[in-house]
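Numbers restart at 1 for each chain; the letters A, B, ... are given by sequence-line order, proteins then strands.
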There are 2 protein chains.
Amino acid sequence: MDTKHKLIAAAERVFDRHGFTATGMDRLTAEAGMSSRTLYKHAGSKTALMQAVLAERERRFMARLDVSGVDAIFVALAEWVHTEGARGCLFLRTLGETGADLPVLADAVMAHKAAFRERVAEIVAAEVGEETAAGLSEQILVLIEGATAAAVYRGPDAVAAARAAAATLIDGARR
Amino acid sequence: MDTKHKLIAAAERVFDRHGFTATGMDRLTAEAGMSSRTLYKHAGSKTALMQAVLAERERRFMARLDVSGVDAIFVALAEWVHTEGARGCLFLRTLGETGADLPVLADAVMAHKAAFRERVAEIVAAEVGEETAAGLSEQILVLIEGATAAAVYRGPDAVAAARAAAATLIDGARR
DNA sequence: TGAAATGTAAAACGATCGTTTTACATTTCG
DNA sequence: CGAAATGTAAAACGATCGTTTTACATTTCA
């Protein structure tokens, strides 16, 4: 059981830094410190391994989204960028790499984004009320995605700017 | 000369829809309707072809950014999504696919993003003045990136939300 | 004790990768 | 006219792809 988690953690690092398609199995076995036989016993296939990586990523990301205010979302995002770096959303990157050619991964990405959007809507609704939240939560969603994307070349400044913009928008919606 | 442009246009379509790494030369030659010998005569290599694609993409994208107000940026973005679809920023996707493993492409992406950021700053400054623009243009930048990313799974709604958010932020900065 | 489970190391599988080469047809233009 | 330029079609290059297999070592536990 420890072997599988070690594999997924190693695969997440390598896929995140070098991309899914460009990463060969030899690099995965080397990084995970195990033979290819063991890797395939646990993962099944390269695509299934990426599936497992996305599932683990979703678990970890959603745990950070367990907050009770919009501002806290951006604090959490700033922490994420600080500890894990900024290479863009792994889900959208995976979708972008494979397009619709690997439906299993495309479905996982879309399911994650639906859950993510739902969670953001809940947080916004709790802060400004159901009726105001309708249009506002989509704006907050865009700010989170934008901070994630822009942080690739702007670093923490992008997250800070998104945080400030969100505060302005929330403040405007309150009155 | 027409051959080269036909090649680049075909390569842009294929790379955009199926990714850079996952696309083989056979798919490129088929889509461009030419032999691999001719392709290599004009492009040099797969990486150089992607370089040319990014240069063409930048030319076309920057032409759309030739507007004189922040709101017009989002109108242009909405048009782009309508005519070309939403598969995310090709520059960031390319960077995400290859990481730092192909410095030529990474450099092209960073150079484009610097120019893009500069252009956005100019547009914002023209609208609210130099001193107010400092912090605000980074927020607008985040909104554009966010609309581009979120449009992958939210479609035109993401652009509309970003446009509304930008209007609110600009309005707040004016007074 | 001994069989089942779990691991490693390494060779091999056919397929496909990006690229070059060989052989030949057509067009361009001094 | 005739050579240079530009194209196609297709085979071949060595390398690497994702995956399976063979052979063997170690641990687990009824």
- Task: Identify whether the distance between the nearest side-chain nitrogen and carboxylate oxygen of Glu84(B) and Arg64(B) falls below 4.0 Å.
- Result: yes
- Task: Would you mind classifying the nucleic acid contact of Thr23(B) as base, sugar-phosphate or nothing, using non-hydrogen atoms under 4.0 angstrom?
- Result: sugar-phosphate
- Query: Lys4(B) has an atom NZ; how far is it from atom P of dT6(D), in whole Å?
  - Reply: 12 Å
- Query: Any salt bridge between Arg117(A) and Glu138(A), counting N to O under 4.0 Å?
  - Reply: yes
- How about Trp80(B) and Arg60(B): do any of their side-chain heavy atoms sit closer than 4.5 Å? yes
- Query: Ser36(B) near the nucleic acid: base, sugar-phosphate alone, or nothing, with a heavy-atom cut-off under 4.0 Å?
  - Reply: base
- Task: Could you tell me the separation between the NZ atom of Lys41(A) and the P atom of dA5(C), rounded to a whole number of Å?
- Result: 10 Å
- Message: Expected output check: what is the dot-bracket annotation of DNA chain C, where ( ) and [ ] are pairs inside the strand (brackets for crossing ones), | is paired with another strand, and pairs are Watson-Crick or G-U under 3.5 Å?
- Response: |||||||||||||||||.||||||||||||
- Query: Contact class for Gly33(B) (heavy atom, under 4.0 Å): base, sugar-phosphate, or nothing?
  - Reply: sugar-phosphate
- Query: Where does the angle between the aromatic ring planes of Phe61(B) and His112(B) fall among parallel (under 30°), tilted (30 to 60°) and perpendicular (over 60°)?
  - Reply: perpendicular
- Which nucleotide in dT8(C), dG18(C), dG7(D) has an atom nearest any side-chain atom of Tyr40(B): dG18(C)
- Thinking salt bridges, do Arg154(B) and Glu145(A) make one under a 4.0 Å N-O criterion? no
- Message: Taking the minimum atom-to-atom distance to the side chain of Thr3(B), which one of dC17(C), dG7(D), dT8(C) wins?
- Response: dG7(D)
- Message: Is there a side-chain contact between Thr38(B) and the phosphate of dG7(D), meaning an N or O under 4.0 Å from OP1 or OP2?
- Response: no
- What is the distance from CE of Met34(A) to C1' of dT6(C), rounded to the nearest Å? 12 Å
- Message: Please determine whether a side-chain nitrogen or oxygen atom of His42(B) lies at a distance below 4.0 Å from atom OP1 or OP2 of dT6(D).
- Response: no
- Reported CD1-to-CG distance for the pair Ile123(B) and Leu65(B), which is rounded to 0.5 angstrom: 5.5 Å
- Query: Could you give the CG-to-C1' distance, from Leu7(B) to dG7(D), as a whole number of Å?
  - Reply: 14 Å
- Met25(A) has its side chain closest, among dA23(D), dT19(D), dT20(C), to dT19(D)
- In whole angstroms, the gap separating C1' of dT19(D) from NZ of Lys46(A) amounts to 12 Å
- Any idea which of dG7(D), dA23(D), dT20(D) is nearest the Arg37(A) side chain? dA23(D)
